[in-house]
S.K.: 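Provided herewith is a single structure, encoded as C-alpha cells, for subsequent inquiry.
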Amino acid sequence: MSNLNPRQKEAVKYIDGPLLVLAGAGSGKTSVITQKIAYLIEECGFKAHNIAAVTFTNKAAREMKQRVNSLLKGKSTRGLTVSTFHNLGLNLLRKEGHRLGMKSNFTLFDQHDALTIIKEQINQNFPNLIEETDHIQHLISNWKNDLKEPEDLVGRVETDIEQIAAQVYGQYNRMLTAYNAVDFDDLIRLPTTLFQNHPKCLEKWQNRIRYMLVDEYQDTNTSQYELVKMLVGFRAQFTVVGDDDQSIYSWRGARPENLVQLQDDFPSLKVVKLEQNYRSTSRILKAANTVIDNNPHVFTKQLWSEMGMGDPIRVIRCASDEAEAEKIATEIVHQHLQKGIPYKDFAVLYRGNHQSRIMEIKLQANQVPYRIAGGTSFFGKSEIKDVMSYLRLVINPDDDAAFLRIINTPRREIGPATLEKLNDYAAARQCSLFQASTEMGLRIHLTERAADRLVQFTRWMEDILVKIQRSDQPVNIIREMLDDIDYEMWLRQDSNTPNAADKRWGNVNVLVDGLERMLERGNEEDDTELAIEDAISKLVLRDLMERQEEEADDNAVQLMTLHASKGLEFPICYLMGLEEELLPHRNSIESGDIEEERRLMYVGITRAKKKLTLTYAAKRKQFGEIVDCTHSRFLDEMPQEDLNWEGKTGEITQEENNQKATNTLDSLKALLNS
DNA sequence: GGCGATCTTGCGGAA
DNA sequence: CAAGATCGCC
C-alpha cells in the first residue's frame with residue numbers, strides 16, 4: 001500500500017461502513033479497488049469467496065482480477081467474485097432461476113433478437129405503428145431498468161404510444177417466457193424480483209457476499225442499484241467508486257443521481273475524494289477541467305497532476321473525413337518510424353462506430369496494425385450471428401429468434417410462406433416454432449414438400465441435441481454439425497471473393513475454438529464445470545471474444561468509440577470528428593441534452609497521458625452525400641492558450657481542390673443517373 | 001412458393 | 001455502404 005497517497009489509503013482502509021469514493025479520471029481508482037480487495041483478505045480476515053467486485057465491462061473485470069492476483073501472489077483468490085453486473089445476474093439466474101419457474105437452459109436474447117419479436121408483436125396487433133418499433137423497444141428497456149412491471153404502467157402512462165408500448169411490454173415478456181429466454185435487462189431485473197419474493201434466497205447470498213465493491217457507480221441504473229442494496233443488506237459493508245463527470249450512459253438508464261441517493265439511503269455514508277491525477281500532463285487536465293466546468297455539479301472537484309506541463313494540445317482542421325483519417329494514419333506511421341514509439345501507444349477515439357471504417361482503410365493502406373476494441377463488429381458479422389443461432393438452438397430449441405435466423409441458412413427451401421403458416425400454427429398451439437415443426441397436425445396446413453423439409457430439419461437437430469448431451473466433447477459435435485450443413489461451402493457461395501470466404505470461415509473457427517477453450521478452462525469463480533449453456537450465454541455477453549483479444553496482446557493502434565475508451569489510457573491520443581452534429585451528436589443537440597456529450601468530450605480528453613490531438617473535417621460524407629461541417633463547440637470551450645490550431649484559416653488546400661473535383665464528378669454522375 | 005437480383009432506405013452509444 | 005424490402009423469374 002506504500003504507493004498510495006493518503007486519500008487513497010483512507011479509501012482502502014475504511015471498512016467500518018458504507019463508503020463512496022469520488023474518483024476523478026486517472027486518480028487511481030482501480031488501484032484503490034484492487035488494493036482494497038487485497039487488504040480485506042490479508043488484513044481483515046475476509047475470505048476471498050465472501051467478496052464481490054462488480055464492474056460494467058468485461059475488460060475492467062478482467063483487469064481487476066489480474067491485478068488482485070498479482071497483489072496476492074501465492075495466496076488463493078479462489079471464489080473471489082469479480083464480474084460485470086450482467087455476468088453476476090446471469091450466474092444468479094442460472095443457479096436460482098428455478099425459483100421463478102425458469103428452466104436452467106434459458107437463452108439470452110441480444111437486442112436484435114428482442115427487436116425481432118417485438119416487431120412481430122407490433123405487426124400483429126398495431127400494424128400502423130411499425131415505424132415506432134425502435135421507440136417501443138427503448139421504452140420497454142427503460143421500464144425494465146426502472147423495475148416497472150407492465151401492470152404498474154397500464155393506465156398510468158402519459159402518451160398513447162406509451163400506452164401501447166406497455167401492452168407490448170406485457171406480451172413481450174410472455175413471449176420471452178414461452179421461448180425460455182431472457183434479455184439483457186432481465187439479467188438485472190429478474191434477480192431483484194427473485195430476491196424480493198424469496199427472502200431466504202436473498203439471505204443466502206447476503207451471507208455469501210460479505211463485502212461488495214462497485215466500480216463506475218455513476219453508471220448504475222435503478223435495477224442495478226436495487227440489486228446492490230439488496231445484496232449488501234443491513235450490514236451495508238460496501239465501497240462504491242464513481243465520478244459524476246464520467247456519466248455517459250444515461251441512454252441505457254444510468255442514473256448518476258444514484259451518487260446522491262446513496263447519502264439518503266445510507267446516512268452513515270463516508271465520502272472520500274480522489275483528485276490527484278496520475279495519468280495526464282497538467283495542460284491536458286486543465287483542458288479537461290475547463291470543458292467540464294461548463295456543466296453544473298453536485299460534487300465539485302478539481303483534478304491536478306505532477307506530470308509536468310506537457311505539450312500544447314493540437315487542433316487540426318482537415319479538408320474531409322478522408323483527409324482526417326489519412327492525416328492521423330500518416331502521423332502515426334511517422335512517429336512510429338522516427339521516434340520508435342510502439343503502435344500500441346496510440347489510440348484513435350471517435351463518437352460513432354461507423355467512423356472506424358475510414359480509419360481502418362487508411363491504417364491498412366499504411367500497413368499499420370490496429371485493433372478495434374469492444375464494439376459489436378465481431379458479433380455483428382453474419383457468419384457469427386448464424387453460428388451463434390445454431391449454438392443457441394442447441395441449448396434451447398424453443399429459441400424462436402435463433403430458429404428463424406437459421407431455418408433457411410444454408411438454403412433448405414423453407415421460405416416466408418411456409419414460415420408464416422408455421423408461425424400461425426405455433427401461435428394457436430402456444431408452442432415454439434421448433435415444437436410446432438415436429439407436430440403432425442401441422443401437416444394439413446402445408447404442402448407435403450414443405451412439411452417434409454421442416455421435419456427433416458427437426459430430426460437432424462434432435463439428433464445433434466442427443467449427441468451433445470452424451471458427448472464429453474460437445475464442441476466436436478458442434479464442428480460435426482457445421483460440417484453436416486456444409487457451412488463452409490455456404491460461406492464460399494455467399495462471399496464475393498475466396499479471400500473474404502476464408503476470412504469468414506476463419507471467424508467461425510475463432511468462435512468455435514474460443515468456445516472449446518472456455519469449456520476446458522471451466523468456471524473460474526467456483527471451479528465447477530462450466531456447462532455448455534453457460535459458455536454460450538457468455539458468448540452473447542461478449543465475454544469470451546474480448547478475452548481472446550486480450551490474449552493476443554499485439555502491438556496495435558487502438559481504435560474505439562469514446563464510450564468504449566472509458567477507464568483506459570493511452571500515451572498518444574487522437575480524438576477525431578470533433579464537429580457539431582457528431583460531438584455533440586445531432587440527436588443530443590435536438591433534445592437539448594448537451595451535458596452528457598460534454599462529459600463524453602471530457603472522458604476523451606482525459607484518456608491522453610502525454611499528447612492529445614483533436615481533429616475535425618470541413619466536409620464529411622454522410623448518407624453518401626458530402627456535407628459541410630463546423631467544428632465542435634467543445635473546442636471553443638477549451639483554454640485557447642493551450643491549443644495549437646492548424647489549418648483553421650480557410651485557405652483552400654490541394655486536398656480540398658481534389659475534393660471539389662470529385663464533388664463535381666459525383667454530382668455529374670448523379671445527374672446522369674437521374 | 002422460393003430464389004436471386006435490384007432498389008431503397010437510413011448512422012448513437014453497449015452488456 | 002450495408003441490411004432490409006421489393007420485384008420478377010424459375
Side-chain angles (χ1 to χ4, degrees), chain A residues 54-61 83-90 108-112 114-116 119 130-131 134 138 141 144-145 182-188 216 219-221 223-224 247-254 349-358 361 373-377 379-382 385 407-421 446-450 453 493-494 496 537-543 545-546 560-566 577 581-591 593 596-597 599-600 603 620-625 627 673:
Chain A
V54 192
T55 66
F56 278 86
T57 64
N58 294 308
K59 199 175 213 162
S83 99
T84 62
F85 268 103
H86 290 88
N87 240 323
L88 179 71
L90 179 67
L108 182 52
F109 276 14
D110 65 23
Q111 88 286 20
H112 182 264
L115 190 70
T116 312
K119 200 183 230 166
I130 198 71
E131 300 281 297
D134 285 338
H138 193 237
S141 174
K144 286 196 173 188
N145 290 331
V182 301
D183 64 21
F184 284 137
D185 302 319
D186 287 340
L187 291 180
I188 319 295
E216 305 282 11
D219 290 340
T220 51
N221 58 36
S223 61
Q224 285 155 344
S247 163
I248 53 175
Y249 284 103
S250 73
W251 50 273
R252 64 174 198 205
L349 310 180
Y350 36 81
R351 175 64 233 253
N353 273 315
H354 59 278
Q355 288 172 266
S356 69
R357 174 181 303 274
I358 192 159
I361 293 168
T376 50
S377 53
F379 283 85
K381 294 185 192 334
S382 63
K385 282 191 193 162
I407 185 59
N408 206 27
T409 307
R411 298 271 106 96
R412 287 187 186 88
E413 303 189 298
I414 298 167
T418 306
L419 287 177
E420 195 178 328
K421 282 171 194 156
L446 296 175
T447 63
E448 198 169 329
R449 272 159 54 92
R453 287 191 278 245
Q493 283 163 12
D494 193 54
N496 296 322
S537 299
K538 284 188 181 171
L539 281 177
V540 182
L541 284 176
R542 316 274 140 89
D543 192 16
M545 292 334 287
E546 289 172 21
M560 68 189 80
T561 62
L562 288 164
H563 282 90
S565 76
K566 185 150 71 90
E581 310 252 293
L582 212 55
L583 183 73
H585 191 272
R586 175 166 13 114
N587 296 355
S588 301
I589 296 174
E590 276 167 21
S591 65
D593 183 18
E596 183 147 312
E597 298 293 301
R599 291 193 288 269
L600 210 43
V603 166
R620 176 174 296 276
K621 209 174 196 171
Q622 257 175 349
F623 309 111
E625 255 183 282
V627 294
N673 282 335

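Proteins get letters first, then strands, A, B, ... in listed order; numbering begins at 1 in each.
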S.K.: Identify whether any heavy atom of Phe85(A) sits under 4.0 Å from a base atom; if not, whether one sits that close to sugar-phosphate; answer base, sugar-phosphate or nothing.
M.R.: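 No contact.
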S.K.: Is the shortest heavy-atom distance from the side chain of Val603(A) to the side chain of Leu349(A) under 4.5 Å?
M.R.: no
S.K.: For Lys385(A), report the nucleic acid contact type (base, sugar-phosphate, nothing); a contact means any heavy atom under 4.0 Å.
M.R.: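 Counting heavy atoms under 4.0 Å across all strands, no contact is made by Lys385(A).
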S.K.: Using a heavy-atom cut-off of under 4.0 Å over every strand shown, decide if Glu597(A) touches base, sugar-phosphate, or nothing.
M.R.: base
S.K.: From C-beta outward on Lys421(A), which listed nucleotide comes closest to its side chain: dA15(B), dG1(B), dA14(B)?
M.R.: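 The nucleotide sitting nearest to the side chain is dG1(B).
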S.K.: Answer yes or no: is there a side-chain heavy-atom contact under 4.5 Å between Val540(A) and Phe184(A)?
M.R.: yes
S.K.: Taking only the side-chain nitrogens and oxygens of Lys566(A), find out if one of them lies under 4.0 Å from OP1 or OP2 of dA14(B).
M.R.: no
S.K.: Using modelled atom types and a 3.5 Å cut-off, is there a donor and acceptor pairing between side-chain atoms of Ser141(A) and backbone atoms of His138(A)?
M.R.: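 No: the side chain of Ser141(A) does not pair with the backbone of His138(A).
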S.K.: Starting at CZ of Phe56(A) and ending at P of dA15(B), how long is that distance when rounded to a whole Å?
M.R.: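 That distance rounds to 11 Å.
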S.K.: Measure CZ/Phe184(A) against P/dA15(B) and give the value in whole Å, please.
M.R.: 8 Å
S.K.: Within the 4.5 Å heavy-atom criterion, are Ile248(A) and Leu562(A) side-chain neighbours or not?
M.R.: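 The answer is no; the side chains never approach within 4.5 Å.
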S.K.: Do you see a donor-acceptor pair shorter than 3.5 Å between the side chains of Asn221(A) and Ser223(A)?
M.R.: yes
S.K.: Taking only residues two or more places apart in sequence or in another chain, which ones pass ring pair (Phe, Tyr, Trp, His ring centres under 6.0 Å) with His563(A)?
M.R.: Tyr249(A), Trp251(A)
S.K.: Is there a stack between His585(A) and dG12(B), judged by ring centres under 5.5 Å and planes under 30°?
M.R.: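 Stacking between His585(A) and dG12(B): present.
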S.K.: Just N and O in the side chain of Thr561(A): are any of them under 4.0 Å from OP1 or OP2 of dA14(B)?
M.R.: yes
S.K.: Can you check the Asp183(A) CG to dA15(B) P distance for me, whole Å?
M.R.: 16 Å
S.K.: Using ring pair (Phe, Tyr, Trp, His ring centres under 6.0 Å) as the criterion, list what pairs up with Phe56(A), not counting sequence neighbours.
M.R.: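 If we apply the ring pair (Phe, Tyr, Trp, His ring centres under 6.0 Å) test to Phe56(A), skipping adjacent residues, the hits are Phe85(A).
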S.K.: Any side-chain heavy atom of Gln622(A) within less than 4.5 Å of one from Glu581(A)?
M.R.: no
S.K.: Without decimals, in angstroms, what is the distance between Lys381(A) NZ and dC1(C) C1'?
M.R.: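 Those two atoms, NZ and C1', are 15 Å apart.
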S.K.: Starting at the 5' end of nucleotides 2-10 of chain B, put B wherever the base has a protein heavy atom under 4.0 Å, S where only the sugar-phosphate does, and a dash everywhere else.
M.R.: SSS------
S.K.: Under 3.5 Å, is there any donor-acceptor pair linking the side chain of Ser588(A) to the base of dG12(B)?
M.R.: yes
S.K.: Between Gln111(A) (CD) and dG12(B) (P), how many Å, whole number?
M.R.: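 Going from CD in Gln111(A) over to P in dG12(B) covers 13 Å.
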S.K.: Look at all strands and tell whether Arg357(A) reaches a base, only sugar-phosphate, or nothing, counting heavy atoms closer than 4.0 Å.
M.R.: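 Sugar-phosphate, backbone atoms only, no base.
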S.K.: How many whole angstroms separate atom CZ of Arg586(A) from atom C1' of dC11(B)?
M.R.: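 Taking atom C1' of dC11(B) as the reference, CZ of Arg586(A) is at 8 Å.
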S.K.: Send over the distance from Leu115(A) CG to dG4(C) P, rounded to a whole Å.
M.R.: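 Checked: the CG to P distance equals 10 Å.
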S.K.: Nearest whole Å is fine: how far is dA15(B) P from Asp186(A) CG?
M.R.: 18 Å
S.K.: Nearest to the side chain of Thr57(A) - dA5(C), dG12(B), dA15(B)?
M.R.: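 Nearest to the side-chain atoms of Thr57(A), counting from C-beta on, is dA15(B).
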